[in-house]
Structure formats: structure tokens, C-alpha cells
Amino acid sequence: MGTPRLVGASSRIHLFASSTAWIEDAAVRQLEQLADRRGMRAVAGMPDLHPGHHGPVGCAAEAEGSVHADIVGTDIGCGMQFWSLDIPERKLRLDKAAERLWTLEGHWSGNAEARLEEDLPTEGLDVSPFAGALGTIGGGNHFCEVQAVVEIVDSDAASAAGLEMGSIGLLVHSGSRGFGAAVLARHYHAGTEGLPLEGGGLAYLRDHDRALAYARLNRQVIAERAMASLRTEGVLRLDVPHNLAERKGSRILHRKGAAPSDRGLVPVPGSRGAVTYLVAPLEAPSEALCSIAHGAGRKHDRASMERRVRTSAGDLERLARNPFGGRVICTDRQLLIEEAPDAYKDIHKVIADLEAMNLVQVVAILRPVVTFKTARQIRRIEPRNGWKDKR
DNA sequence: ATGTGC
């Protein structure tokens, strides 16, 4: 059994990763910077920890009396939503399904305003400028993925999530689109001091809760669009945000790329070329801050992927398939490369660390069948000779 | 991450 590593001289930072885990020094330094912030009582790093633009991804941080909105970041409420679909694996036609999912591209034709009014808390920042983005996946690491069960480890827990061998699931990873960014912009300007709970913190949390609801509804509408296109129905089984702040009395628990461990089962995806683990969080030591990993975590930054991935026509074609014979729909060449499976850590290793730390038990394992990222046709402006200098 | 930026 593993025990969390203490980081630095501080007894407030615990890293729940084995000594052989792929963790960059830069990410550990970012954890230390988090711990130095106002009111910070404890910081927990997960095995998917990696450096982020403004702070570490794959961590939880608990502060007394202060809300640090920038830790949660722009994509407030980003997370995973899992559905079990009515269609069995034997009836799913790969090419047909891949073709049909193209309908996820572009705007949703439904009544976004009505759905938002129905689902969001009433008080808070005006959401109407962002109604048009409801039901859209967005960019970066977001996706909508049809999955097939490859292994059932705990059949009781799996069947409670609607899964047995031969079942098809749908996993949606998306967030609050522009709305979460607008919430952050409204409450966060610069610096690392944080907001006193009574001096701006509560106002942030009110808007944050709306962004949380937007993100959840966004995932749901994406799933509804996907199911309609696949001519099937399904049951919403899990919705697990991993970018959020949670008030616990006078303390604020911030999670950035960390899934809550106190709300039931959690889907932990690898990459578009790797399996997703469905896990049951276990009763954990308080140092884990009620959190587990949210995925495999990045191994390589986006910028370095261009040189890491060979990009001849054949290689690009290979990136549009996964090792299980499934399909990847991503017409954006840049995104295809940045999100290559090689960019991510080994999900088996991340899960093994979580198991060794006694944080989770595996319930089921699913493989990607079709991963939809984007079908947008990019307008590419080819630079002409001297284009840059001419102005 | 981003109604994705000058």
C-alpha cells in the first residue's frame, strides 16, 4: 500500500502519487505556490497532476475564509457526464455512428433560453449572451465519446450504473464555455490574494454555482444531441465536475482537475486512444481533501506535441483512429496533434496509484468507440511570401 | 479553457 508523499518542508501538501509516477517538477512547484496563498490550510496533488497555465491541474486546495477564484479557472464546472445507452454493442454500426455524430458540430437548434431558465439558479450573472453556446463541446481536451464495456470488475456497482458486458455508454467532457470565463472575469482581476468570503467571495460563489449548472446542462444537451443522432435513448447515470469551489462552513475547497470522492462513482478517462475507468471512491484520509484524479493528466504540453508527433499524411490518418479500431472525429489538425494519446500519461498507472493509495476501487473499464471532438472546417490562411513583413 | 485575437 502506498502513502502520500509530503512535499517540501510543509506538512500541508500531500501528493498522492507513487515514486514512479510521471510528475513534472514544475507542477510540484506550483503546488507549493498554492500552499503559500492566503488562508491555505491544505493542498492535495493527485497522480494526474501536471503544470497548468496559472496553477497546477490535478489538485485540491482548502482555504480558511478566502476564495481563490483563479485556482478553479475559467472553465468553472467543467467535468464528466456519463450515460448508459439503450443500444447494445452488437447493434452499433461503427461507420454509421461516426457519421451521425457529425451533427454535434455547430449550434444546437433547441430552445437554449428555456432550458437555462429551467435549470440555472435564478440569482447571478446574466447568462443570455452565452445561450448560443449551450449544447456545444468547445475545444481543448473536451469531447463526446461513445464507449463499449471491456471489463466489469464489480458487477453490482456496474449494474447500478446500467452497465454489463455488451453495454454502450456515452461520456461527455465539457464545461461552461464562455459563461464560466465571464464569471471569473467579473470577480477576479489580478494577484493571488483571493477574495475574503464576506468581501466578494460569496458573490463569486453565487455566480460560480450558475456556471456549475450551465456546465452540467451543457453536457446534458450534448448527450441528448448525440443520442438523437444515434437514434437511441439512454439514462443519465453520473455527472461529476472537476473544476469547482465548494463552501464548507468558513472553509473553501477548491478543485482544479480533481473529481469529488464523496458523490458516488467517477468516470476517469485516459485519452481518446485509451480506456476509461469507472471507479468507486473509497473512504479516504482527510489529506486527500475528498478528491481523486480527473483523468490521465497531460504528460506533454500542447506546444511540444507538434514535434513529438510525426505528421505525414499517413500519421495524421492514424491519429483519426484509436488502437481499439474506433474512430476519432477531429478535423482541426492542430487539436488532433495536441490531443494525441501520446500527450497523456498512462491511465493504467494513474489508476494503479489511486488504488495503491486506497482512494478508489475499479468498477468497470470502457474503451473508446467513437470520439467526437470537432468537425469544424477551419479556414486556413496560408501565409504568402513576405506576408509577415509586408503589413 | 475562451462568441478562441491584432
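A note on names: the letters A, B, ... follow the listed sequences, proteins ahead of strands, and every chain is numbered from 1.
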Looking across every strand, which nucleic acid part, if any, lies under 4.0 Å from G138(A) by heavy atom: base, sugar-phosphate, or nothing? sugar-phosphate

Could you check whether G73(A) gets within reach of a base, just the sugar-phosphate, or nothing at all, counting any heavy atom under 4.0 Å? nothing

Is D207(A) paired with R210(A) through a side-chain N to carboxylate O contact shorter than 4.0 Å? no

Here the distance between atom P of dA1(B) and atom CG of L244(A), to the nearest Å, is 16 Å

For a side chain to side chain donor-acceptor pair (under 3.5 Å) check, start with the C-alpha distance between S18(A) and D353(A), then their side-chain angles and the critical distance, and finish with the verdict. CA-CA 6 Å; S18(A) 66; D353(A) 277 10; 3.0 Å; yes

Exceeds 12 heavy-atom contacts within 6.0 angstrom, atom CG of D262(A): yes

Residues in ring-ring contact (aromatic ring centres under 6.0 Å, His included) contact with W22(A), at least two apart in sequence or another chain: H300(A)

Out of R272(A), R333(A), R302(A), which residue meets the salt bridge (Lys or Arg N to Asp or Glu O under 4.0 Å) rule with E339(A)? R302(A)

When you compare the protein's N or O atoms with those of nucleotides 4-6 of chain B, which come within less than 3.5 Å of each other, and at what distance?
from	atom 1	to	atom 2	distance (Å)
dT4(B)	O4	R376(A)	NH1	3.0

Charged N-O contact under 4.0 Å between R37(A) and D70(A): yes

Rounded interatomic separation in angstrom, taking CD from Q334(A) and P from dT2(B): 15 Å

Could you check how far CG of L134(A) sits from C1' of dT2(B), rounded to whole Å? 16 Å

N243(A) atom CG is separated from dT2(B) atom P, nearest whole Å, by 11 Å

Identify whether any heavy atom of G132(A) sits under 4.0 Å from a base atom; if not, whether one sits that close to sugar-phosphate; answer base, sugar-phosphate or nothing. nothing

Measure NE2/H208(A) against P/dA1(B) and give the value in whole Å, please. 17 Å

Figure out the OH/C1' separation between Y214(A) and dA1(B), and round it to whole Å. 13 Å

Mind calculating the distance between NZ (K373(A)) and P (dA1(B)) to the nearest angstrom? 8 Å

Would you kindly give the OH-to-P distance between Y188(A) and dT2(B), to the nearest whole Å? 19 Å

